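Report on one structure; see the data block that follows.
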Amino acid sequence: MNKYRSHNCNELRRKDVGQKVLLSGWINKKRDHGNLLFLDLRDNYGITQCIINKDSSSFKELEKIQLETVIKIEGKVIDRSKETFNKEIPTGEIEVSINNFSTLGTCKELPLPVFSDQEYSEEIRLKYRFLDLRRKKIHENITLRSKVISFIRSEMGKYGFLEFQTPILTSSSPEGARDFLVPSRLNPGKFYALPQAPQQFKQLIMVSGFDKYFQIAPCFRDEDARADRSPGEFYQLDLEMSFVEQEDVFNVVENLLINTFKKFSNKKLVSEKFPRISFAESMLKYGTDKPDLRNPLIINDITEIFFREDVSFEIFKKLVKSGSKVRCIKTNDTKNKPRSFFDGIDKWAKEQGASGLAYFTFEEDDKIFAKGPVGKFFSEEALKEIMKITHAEVGDSIFLACDKQGNLEKITSMAREKIGRNLNLIDENTFAFCWIVDYPMFELNDQTKKIQFSHNPFSMPQGEKDKINFGNPLEILAYQYDIVCNGIELSSGAIRNHIPELMYKLFAIAGYDRKQVDEKFSGMINALSFGAPPHGGIAPGIDRIVMLLANEKNIREVTMFPMNQNAQDLMMNAPSEISDYQLKELNLSLKSKK
RNA sequence: GGGGGUGUAGCUCAGUUGGUUAGAGCGAUCGCCUGUCACGCGAUAGGUCGAGGGUUCGAGUCCCUUCACUCCCGCCA
């Protein structure tokens with residue numbers, strides 16, 4: 001028999017009444033009636049109410065004992081009378097009468113209460129993460145994370161994928177995010193990089209003939225944090241398949257995600273086939289490549305209206321002439337919304353750094369007219385044209401903004417979300433997935449005006465390889481795709497370019513000559529020259545999947561030991577200074593601190 | 001690097017127009033209480049009002065600087 005417990009704290013029921021039991025756990029809560037003490041004992045599994053009265057020799061000691069002390073109790077399971085059942089917990093029909101107890105782990109005065117629904121500052125939670133993790137909600141989140149990961153593992157096994165580990169110490173890559181670097185002792189002056197993703201390795205695994213690979217892979221990127229982005233490290237379900245086209249990857253991942261979300265959440269899936277939206281369409285209709293499809297609002301381009309003679313909105317007309325565009329969001333049946341609703345949105349837009357959002361509402365007496373501060377600038381004909389483009393009816397309103405395309409996309413995208421929330425159009429009880437497909441291979445860097453890879457340089461360009469229009473690289477699309485759910489980018493992937501000659505051509509466009517490519521990507525290029533299968537894959541973000549399933553807005557709520565926004569671990573005191581000896585061994589010297 | 005929010009007791013927060021000795025709940029300590037499950041009741045301790053500077057007869061409150069945490073922009077192939 002186990003020394004510490006015969007049962008866990010969620011096991012005992014009425015059928016156990018009369019049994020002598022051993023329970024161990026934390027003191028969750030005490031209720032002291034002077035001559036009678038109730039004590040809730042908690043472990044990973046649940047809570048059992050224990051009871052002791054003043055006749056017992058242990059009574060005085062238990063009365064004084066600190067919450068969160070770890071104790072072992074020896075006692076007898078007894079029946080509760082019906083009026084005293086606790087329906088909140090599964091063990092609520094019994095209690096354990098304490099015969100004696102021993103302390104297994106003492107507890108100092110707590111810096112934060114464990115048994116409480118209060119919220120605490122991140123600082124105190126992260127510093128005392130081991131206490132924070134005892135609390136119900138986050139304890140359940142972390143447990144959920146474990147279950148989701150093991151479910152995914154077993155599913156991937158069923159689909160015939162093999163799980164492999166890839167190196168953590170690898171080489172720095174010129175593209176992408178900032179690397180975390182690790183100095184090499186044996187190779188003075190040289191550095192390893194932690195992998196931003198096992199990108200090259202997974203392709204090499206395909207070249208090695210393993211056909212289907214996956215890994216719950218740690219990824220390291222030295223970029224600034226966001227609510228849905230941990231600083232430093234995160235996990236991806238990294239997977240890669242040989243002899244596949246985009247469709248084959250989609251099938252596997254759609255199945256996996258749908259099974260996972262059905263199993264671990266009660267929220268409705270808007271559609272079991274993920275709709276596919278091209279990058280270009282998404283940027284136009286939603287202003288972003290991660291649209292929240294729960295939001296029914298759509299953005300329309302109405303730039304052409306501002307070339308008309310019968311539109312006198314001179315500010316916009318002038319901007320349009322110099323290359324700006326006008327885009328708008330239509331809201332249904334908002335004619336009775338108070339002025340404050342419209343002005344609130346306009347004010348909000350200005351706070352976001354835009355020049356505001358103009359608005360008007362379609363109304364009708366003997367003819368169509370627009371009500372609102374800028375309504376007078378539009379003729380009836382122009383209004384009818386806008387109604388046609390936006391599928392608007394009388395009573396609907398239009399919010400419009402004018403700017404250069406990039407800024408315009410940003411503000412209309414944010415406005416779509418803001419207006420959708422204000423009008424309560426977003427159903428929080430659903431998951432709306434979609435594929436974003438047909439990403440451009442290249443993009444123009446705004447600052448340098450040079451052409452660069454827009455996503456992954458190893459993606460396969462679309463089209464027959466001899467017919468691709470290399471003269472107009474910005475037109476080249478890639479077999480590059482993202483999964484988005486509720487406005488959160490869950491994963492991105494691609495069919496890879498396994499043809500070295502084609503890869504040299506593409507890298508040349510991005511400004512790398514053959515020699516540079518050979519140097520920077522020697523492992524890859526070399527491998528692709530020795531019989532590489534066509535292959536492709538994707539890498540869904542585990543943390544974000546769990547975040548959605550746990551209904552959390554912040555990734556730290558599903559991460560066991562996260563760092564804070566400044567990439568510090570307040571509990572372990574990382575990063576920390578190192579000794580002169582360590583520096584010397586690594587051939588490093590520090591610039592003097594300012 | 002930039003913008004917003006927050007910072008008052010161990011924890012969560014209140015604090016009026018600048019005005020006497022800065023409050024509450026939880027927690028801690030002490031006492032009372034035999035059916036609670038957010039037990040109840042009474043008492044006690046606990047404060048560099050994030051830090052520094054300024055304005056003022058007087059600053060938790062106003063101004064400036066700065067620090068920490070957080071959200072966002074930039075960044076994240």
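If you're wondering where the values come from, they're calculated on a predicted model, not measured in any experiment.
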Residues A:Asn141 and A:Glu552: side-chain donor-acceptor under 3.5 angstrom: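 The answer is yes; a qualifying pair exists.
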Can A:Gln118 and A:Arg135 be counted as having a side-chain donor-acceptor contact under 3.5 angstrom?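 No, no side-chain donor-acceptor pair sits under 3.5 Å.
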Does [X] reach a base, just sugar-phosphate, or nothing at all? Heavy atoms under 4.0 Å.
X: A:Phe38; result: base
X: A:Ser121; result: sugar-phosphate
X: A:Arg125; result: nothing
X: A:Asn564; result: sugar-phosphate

Return no unless some side-chain N or O of [X] is found under 4.0 Å from OP1 or OP2 of [N].
X: A:Arg135; N: B:rC11; value: no
X: A:Gln118; N: B:rC26; value: no
X: A:Asn53; N: B:rU34; value: no
X: A:Asn554; N: B:rC71; value: yes
X: A:Gln565; N: B:rC72; value: no
X: A:Arg31; N: B:rC39; value: yes
X: A:Lys410; N: B:rG74; value: yes
X: A:Lys64; N: B:rG31; value: yes
X: A:Lys29; N: B:rG27; value: yes
X: A:Arg226; N: B:rC73; value: yes
X: A:Asn566; N: B:rC69; value: yes

Which of parallel (below 30°), tilted (30 to 60°) and perpendicular (above 60°) describes A:Phe250 and A:Trp435?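 Parallel.
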In terms of ring plane angle, is the pair A:Tyr439 and A:Phe279 parallel, tilted or perpendicular, where the classes change at 30° and 60°?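 Aromatic pair A:Tyr439/A:Phe279 classed tilted.
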Donor-acceptor pair under 3.5 Å: do we get one between [X]'s side chain and the base of [N]?
X: A:Arg221; N: B:rC75; answer: no
X: A:Gln49; N: B:rU36; answer: yes
X: A:Glu95; N: B:rG35; answer: yes
X: A:Arg229; N: B:rC75; answer: yes

Pairing partner of [N] (Watson-Crick or G-U wobble, both distances under 3.5 Å):
N: B:rG1; value: B:rC73
N: B:rC41; value: B:rG31
N: B:rA68; value: B:rU6
N: B:rG25; value: B:rC11

Starting at OH of A:Tyr120 and ending at P of B:rG7, how long is that distance when rounded to a whole Å?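 Distance check: A:Tyr120 OH to B:rG7 P gives 18 Å.
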What is the separation between atom CG on A:Asp79 and atom P on B:rG35, rounded to the nearest whole Å?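 Distance, rounded to whole Å: 18 Å.
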In this structure, are over 12 heavy atoms from other groups packed under 6.0 Å from A:Lys30 atom NZ?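 More than 12 heavy atoms, drawn from other residues, nucleotides or ligands, come within 6.0 Å of this atom.
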For the C1' atoms, the ones on B:rA68 and on B:rC49, what distance do you get once it is rounded to whole angstrom?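 Their C1' atoms lie roughly 16 Å apart.
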Provide the distance between the two P atoms, one in B:rA22 and one in B:rC39, to the nearest whole Å.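 Taking atom P in both B:rA22 and B:rC39, they lie 32 Å apart.
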Are any non-hydrogen side-chain atoms of A:Cys219 and A:Gln196 less than 4.5 angstrom apart?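 A:Cys219 does not reach A:Gln196 side chain to side chain.
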Nearest to the A:Asp40 side chain among B:rU12, B:rC73, B:rC37, which nucleotide is it?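 In terms of side-chain proximity for A:Asp40, the closest of B:rU12, B:rC73, B:rC37 is B:rC37.
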Nearest of B:rA28, B:rC37, B:rA38 to any side-chain atom of A:Phe115?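 Given the options B:rA28, B:rC37, B:rA38, the side chain of A:Phe115 is closest to B:rA38.
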Looking at A:Phe561, I'd like to know if the NZ or CZ of A:Arg129 sits under 6.0 Å from its six-membered ring centre while staying within 45 degrees of the ring's axis.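 The answer is no, since A:Arg129 fails at least one limit relative to A:Phe561.
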Most 5' of A:Pro111 and A:Lys30 on RNA chain B, judged by nearest nucleotide: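 Taking each residue's closest nucleotide, the earlier one in sequence belongs to A:Pro111.
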Is_stacked (A:His33, B:rC39) at 5.5 Å, 30 deg: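 The base of B:rC39 is stacked with A:His33 (centres under 5.5 Å, planes under 30°).
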